[in-house]
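Here the structure is a predicted model, which means the values were calculated and not measured. What's counted below: heavy atoms across the whole structure, side chains too, no hydrogens, waters or symmetry copies.
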Amino acid sequence: MLSNNDILKKLRVALSLRNEDIIEILALVDFKISKGALGDLFRNADHPGYEEAGDQILRNFLNGLIIYKRGKLPEPKTNTGDEKPITKKQH
């Protein structure tokens, strides 16, 4: 089974992302991480400085990646009361 670290590594390679890009992606969802902490996630598992990536980091990265690739969702329109409510037609 792949670890969260492995998934992050594979996505970084597949999408040709640099560490700066990953930091930017995480910042899009207000998740701050330093270059050093990010580097610890990409170390080999037997390295003394290796850190295991938790679900929160992977979840925030994937949510940020959506924004990075597609852009932010537009603000929903608010009902000002001028619009007529939609009703079903009677058959």
Side-chain angles (χ1 to χ4, degrees):
M1 186 167 106
L2 291 175
S3 69
N4 289 345
N5 298 63
D6 293 333
I7 294 169
L8 286 171
K9 286 178 190 178
K10 289 182 181 298
L11 287 170
R12 178 178 68 168
V13 171
L15 299 171
S16 302
L17 298 172
R18 299 170 314 187
N19 285 353
E20 294 81 18
D21 297 327
I22 295 172
I23 291 169
E24 178 185 342
I25 288 168
L26 289 168
L28 291 173
V29 290
D30 297 325
F31 189 90
K32 308 277 188 261
I33 190 167
S34 68
K35 280 188 179 183
L38 186 62
D40 292 343
L41 300 176
F42 294 125
R43 295 183 189 278
N44 288 331
D46 58 351
H47 190 279
Y50 172 82
E51 288 289 329
E52 192 170 316
D55 292 340
Q56 183 181 15
I57 292 175
L58 183 58
R59 180 180 64 248
N60 282 305
F61 174 74
L62 293 173
N63 287 333
L65 187 61
I66 292 168
I67 296 169
Y68 184 76
K69 291 292 187 181
R70 292 187 192 167
K72 289 195 177 217
L73 288 176
E75 292 294 321
K77 293 182 180 179
T78 57
N79 188 354
T80 60
D82 296 336
E83 297 87 13
K84 293 181 182 177
I86 299 173
T87 58
K88 290 185 178 181
K89 292 183 180 181
Q90 298 292 332
H91 294 281

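Cluster annotation: I7 and I66 are assigned to distinct hydrophobic clusters (Ile/Leu/Val/Met/Phe/Trp/Tyr, side-chain heavy-atom contacts under 4.5 Å, transitive). By the rule that hydrophobic residues join a cluster once side-chain heavy atoms approach within less than 4.5 Å of another member, L15 and I67 end up as members of one cluster.
To the nearest 0.5 Å, atoms CD1 (I57) and CG (N4) are separated by 8.5 Å. Atom NZ of K9 is separated from atom CG of L2 by 10.5 Å, given to the nearest 0.5 angstrom. Interatomic distance, CG of D6 versus CG of L41, reported as 11.5 Å (0.5 Å rounding). For the atom pair CD1 (I25) and CG (L65), the distance works out to 5.0 Å, reported to the nearest 0.5 Å. Note that the CG atom of L17 and the CD atom of E24 stand 10.0 Å from one another [nearest 0.5 Å]. The line from CG of N5 to CD of E51 is 9.0 Å long, rounded to the nearest 0.5 Å.
Hydrophobic side-chain contacts under 4.5 Å tie Y50 to no other Ile, Leu, Val, Met, Phe, Trp or Tyr residue.
Applying the salt bridge (charged side-chain N to carboxylate O under 4.0 Å, His left out) test to D21 and every residue at least two apart in sequence or in another chain returns R18. Contacts of R43 classified as salt bridge (charged side-chain N to carboxylate O under 4.0 Å, His left out), with partners at least two apart in sequence or in another chain: D40. L62 is linked by a side-chain contact (heavy atoms from CB on, under 4.5 Å) to L11, L58, counting only residues two or more places apart in sequence or in another chain. By the side-chain contact (heavy atoms from CB on, under 4.5 Å) test, L26 pairs with I22, F31, I33, N60, F61, sequence neighbours left out. Scanning for side-chain hydrogen bond (donor to acceptor under 3.5 Å, both in side chains) contacts around K10 gives an empty result, with sequence neighbours left out.
The shortest non-hydrogen separation linking G64 to L28 is O-CD1, 3.7 Å.
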